[in-house]
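Working notes for the structure below.
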Amino acid sequence: MITVTEAFVGFFIMLGLMLIGLPVAGALFAVAILGAFLYLGTPTLMMFGNQMWSILHDFVLTAIPMFILLGEILVRSGITDRMYNALSDWMRRWPGGLLHTNIGACGLFSAVSGSSVATAATIGTVALPSMKQHGYSERLALGTIAAGATLGILIPPSINMIIYGSMSNTSIGRLFLAAIVPGVLLIVLFMIFIAVVCVLRPRMGGDELPPVPLAEKLARLKDLLPPLLIFALVMGTIYTGWATPTESAAVGVIAALILAAARRRLTIAMLNESVLAVVRITAMIMLIVLAAQLLSFVMGVLRIPQAITGLVADTGATQLQILLMLIVFYLILGCFLETLSMMITTIPIVMPIVLFFGIDPVWFGVFLVLMMEIALITPPLGMNLFIVQGVRPDGGSVMDVVWGAMPFTLIMLLMVAILIAFPQVALFVPDVMYGK
Amino acid sequence: TQNLRVTGNFAQNVKHVAVETEFFEQLQEKSGVDVAVNYNPMDVVGVRAPDALRMLRSGAFDIMSVQIGMASRDDPFFEGIDVVGVATDMDTLKTAVEAYRPAFDERLQKRFNAKVLTLWPFGPQVFLCNAEVNSLNDLQGLRVRSFTPTMSALLEHFGATPVTLQFSEVYTALQRGVASCGVTSPTSSNSGSWPEVTTHFLPIAVSGSVQGHFMNLDAWNRFSPEEQAKLEATFRELEEALWDVALTANGDAANCSTGQEPCKDHKKFSMKMVEVAESDRERVKKAAQEVTLPIWAKSCNAVDPTCSQTWNDTVGKALGITIE
Amino acid sequence: MNRNPVERWCAPVVRVFSLVAGYAVLAITLVIGLEILLRRLLGFSLQGADEYGGYMLATVTAVGAAYALLERGHTRIEILMERLPQSLRAVLNTVSAVFMAVMAVFLAWRATVAMLESVEYGSLSGTPLMTPLWMPQAVWVVGMVLFAAVASVTALHCLRLVFGEWRAINRWYGIRTLNEELDEVRADKRAPAAEGER
Ligand code: NA
Ligand code: NA
């Protein structure tokens, strides 16, 4: 057996290995091997082959490559530019103009993309050049993209949700439904903030843009249809029971293929590039999932999660105190870990605590993903900050992005508070649609 | 002190895990053998049911609670203890299990370096449907969730379409009509709230879902003969307790799911309890003889040609069935 | 800047494997789409789309692990690395490469043994298709061996460079910089600029 102290030593070895540049999967794997070898003996270590196969041939996780494929095909079929322009026609007269368009486009693209990084890169590339041109506050513009893009992992489909559901045995259909209202609410809060700031400080809201004739605006609405249609198809097939959440990914991909073909973007070269990206990204994610599951197996046999849960339970903390602790824990960890790795690594430890304290696992999925969104835009390590910094056309300091994203971080924390105060914000939709 | 590393059944089988937990906590005291147990439900540590026999053989675990149906992936011989359709009630199942036990243990020792400590059922695997199903005839054309090859064959024999779904997906599948029926034990379906999304409860047992506790032989041989005898006696108590759970708990769950009394330990629902015609029980037995046993014998004989002969000499003899 | 010889020789091979794996994803996707339609409209289940989906994921992970290694696509934390002197970074990159090789070889070995066990037992998948388990596992093992091979060559290359041309290590096997990351995104967005930049 093993003491909690030894477990913490193991945790710091893992962090240390990550910090000296070992791939995250490798660091997890090293600690798993070390633990198995020192405490469980070689027979357990030698079972890693069978364990690997059991972990990997999992139909639920098959959704990951399929949702990545969906995003890759859509980006390459060039729907994002048109989508952005159509939204801009409708929102340009609001206080803050194109800033709302940024948020809207991020939200819409999130509805078809499973990842936030893809959303940031795609929308950032389209949006930032015109922001500069129309004299928007640079920081605010950068902030809207960095923050808006975090919606990619909240608004379904979401790769993070699929992995969370699979690792915690939570229904992915319920998770997807639970994330819709918080996602929309977050968009609304972002927009209210932008409007308020731009009414108070009109200069930050950029030049006044001429209105677009109604006929043209209506004609352009069709450019919003592709993402909406695919979102409706994916969620609709899940809701009506035509398909399981995993299968719904296939429906989305097929729709995207038809769309790309209709726009004459479906070529062999495009498909080659798409599937290659799918293979690379899937392996990157799945290798971390695999290593984390092996580590979780070793920790489970050593009863580490149970011991830590016992330790936390002994403090006599309330549910609220536990959640506050988890918020602080994830804010700190988010300073130096990449978000997906952080989520996958911590689920095996955190889930027993969550269940022990009677926290609803579907609700917690939304909470967890919100914390990951915050980690994406808080320094020093915030992937979305770097991506937006990378795609901005001028070469300013990364601190512009950091400051720009700051108010949005606060709004997200507000959202976390709302979620804690009113759990129904997340649970209402799945409860109504699936029954309690 | 001998340390024993144990994996138990699935945590969602709350009742069975509770029985196991208590048993292993008291193992030292009850048996008088100096052991220290590290017990965890298999899904809590992330062990997959089909890997059980390999894990036992390697010695990664000393004792494992094994889902025999799934573990038979590595040797169909073990599935012979409970071939779909053979035992339609729990008494018949008990007869079959006892008849097969010696051959089962011998093969487990020889091929997987492990020995049988207990053999017991989850309980009758019955049909829960969200369609007007009052007899086997009504399964015609329905989509029914299946999880083993032989069960699929049986369903097809009755004109149903087998669909494969993971347990966690069955509830929504039934709710949304992806599947019309599911097959599982009354307790599992009750705790999974299937009665919320189904209307007809058809209590024809197509299998008993037999489980077992097996022990790695190297671990076993570290005990003296006297200690082994004590352990065997203590595990027999566990086996009896689990048979008891299968009989009483499933009766209670069936009552609760169909709104009948007595209903003590399960959630109350109001499904229609279908009266099973004797002719339907006969049809299942006939299907076993004609469909599932031949399929099983074929896959088992492929691994070991004496398979069907062994079965005929044990279970077959006890129940008066012969695989041709 | 001269090209990495390891990448030059390995990349074409790994790319072919990855393309096959990638099109397998597409194929499974189409089969699942078909399955949904058949199930819904004709009440007929193809049986096994889910099973093959699982096999596909295992194989994509194995083959892709090799591909991601060549493309430096595995997630690494740069927060400390980017503050270290170049020489130390080269050493740490070598340590990483060697470690990944040891890990990949170990995994490939255990994967092979798991497959051989399936052969020994004549194991069948516990699904209605009763697939002999060794078959999908063999495909998976090929991917794992590819990963082990690429990781080993990489590690050997690092070990050879570290006592001489060590600067090349950081260029070829260091953590990808953001710009390299974004070049890819830019390349992806080869779509012509949106018409009507108004
Ligand atoms: Na999304
Ligand atoms: Na962060």
Side-chain angles (χ1 to χ4, degrees), chain A residues 18-26 29-30 46 48-50 52-53 56-59 61-62 65-66 69 75-76 78 81-82 84-85 121-122 125-126 130 237 242-243 247 250-251 253-254 272-273 275-276 278-280 282-284 286-288 290 336-338 341 380-381 386-387 390-391, chain C residues 15 18-19 21-23 25-26 28-30 32-33 36 40 50-51 53-58 60-61 63-65 67-68 71 73-81 92-93 95-96 99-100 103 107 110-111 113-114 117 136-137 140 175 178-179 181-182 185-186 188-189 191 193-194 196-197:
Chain A
M18 286 181 188
L19 285 178
I20 63 164
L22 220 60
V24 169
F29 189 76
M46 293 301 132
F48 274 22
N50 283 306
M52 268 199 307
W53 173 256
L56 287 178
H57 88 279
D58 178 346
F59 180 60
L61 293 178
T62 308
M66 291 195 288
L69 183 57
V75 168
R76 290 182 168 80
D81 311 49
R82 284 162 173 260
Y84 189 87
N85 289 334
T122 310
T125 317
V126 181
S130 49
T237 46
W242 275 57
E247 292 171 333
V251 176
V253 172
I254 291 169
N272 283 353
E273 290 312 308
V275 298
L276 279 177
V278 168
V279 170
R280 182 170 46 79
T282 304
M284 181 266 280
M286 283 305 298
L287 208 63
I288 299 175
L290 174 66
F336 44 94
L337 282 192
E338 184 270 331
S341 319
L381 182 66
F386 301 151
I387 297 284
V391 293
Chain C
R15 194 183 141 93
S18 302
L19 274 175
Y23 277 102
V25 177
L26 189 60
I28 291 281
T29 306
L30 298 178
I32 291 174
I36 296 170
R40 202 64 214 180
D50 52 350
E51 184 182 335
Y55 300 153
M56 175 274 286
L57 184 65
V60 164
T61 304
V63 172
Y67 183 46
E71 300 261 314
H74 288 296
T75 310
R76 295 171 69 181
I77 311 286
E78 65 258 79
I79 199 158
L80 182 67
M81 281 285 263
L92 288 178
N93 281 327
V95 169
S96 269
F99 182 84
M100 287 304 273
M103 168 182 115
L107 292 184
R110 292 326 297 174
V113 172
E117 271 185 87
Q137 284 183 331
W140 170 60
I175 300 177
L178 191 68
N179 251 322
E181 215 58 74
L182 288 166
V185 177
R186 294 192 193 104
D188 287 353
K189 273 200 52 64
E197 238 276 289

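Residue numbering restarts at 1 for every chain, and letters A, B, ... go by the order of the sequence lines. Just so you know, these numbers come straight off a predicted model, no measurement behind them.
Between A:Gly21 and C:Ser96, the closest heavy-atom pair is O-OG, 3.1 Å. The shortest non-hydrogen separation linking C:Ser18 to A:Val279 is O-CG2, 3.4 Å. Annotation for A:Thr62 and C:Gly54: closest pair OG1-N, 3.9 Å, computed over non-hydrogen atoms. A:Pro23 and C:Met100 make their closest contact through CG-SD, 3.7 Å (heavy atoms, listed as atom of the first residue, atom of the second, distance). Closest heavy-atom contact between A:Gly26 and C:Phe99: O-CE2, 3.3 Å.
Formation of a donor-acceptor pair under 3.5 Å by the C:Thr75 side chain with backbone atoms of A:Val24 is not found in this model. A:Arg280 contributes no side-chain N or O that, together with a main-chain N or O of C:Ala68, makes up a donor-acceptor pair within less than 3.5 Å.
Atom CE of A:Met284 sits about 12.0 Å away from atom OG1 of C:Thr61, to the nearest 0.5 Å. Between the CD1 atom of A:Ile254 and the OG1 atom of C:Thr29 there is a distance of 7.0 Å, given to the nearest 0.5 Å. For the atom pair NE2 of C:His74 and CG of A:Leu22, the computed distance is 11.5 Å after rounding to the nearest 0.5 Å.
Side-chain contact between C:Glu71 and A:Leu276 is absent, with no heavy-atom pair separated by less than 4.5 Å. Side-chain contact check for A:His57 versus C:Pro136: every heavy-atom pair is 4.5 Å or farther apart. Within the 4.5 Å cutoff, the side chain of A:Met52 has heavy atoms near those of the C:Trp140 side chain.
Among C:Val25, C:Val60, C:Leu80, C:Leu57, the residue making the largest number of heavy-atom pairs under 4.5 Å with chain A is C:Leu57. Between chain A and the options C:Asp50, C:Ile28, C:Leu92, heavy-atom pairs under 4.5 Å are most frequent for C:Asp50. With chain A as the partner, the residue from C:Ile77, C:Val63, C:Leu30 showing the most heavy-atom pairs under 4.5 Å is C:Ile77.
The contact between C:Met56 and chain A is made entirely by side chain atoms (from C-beta outward), counting heavy-atom distances below 4.5 Å. Using a 4.5 Å cut-off between heavy atoms, A:Leu287 touches chain C through backbone and side chain atoms alike. Contacts of C:Met103 with chain A are made by both backbone and side-chain atoms, with heavy-atom separations under 4.5 Å. Contact annotation for C:Glu51: neither backbone nor side-chain heavy atoms come within less than 4.5 Å of a heavy atom of chain A.
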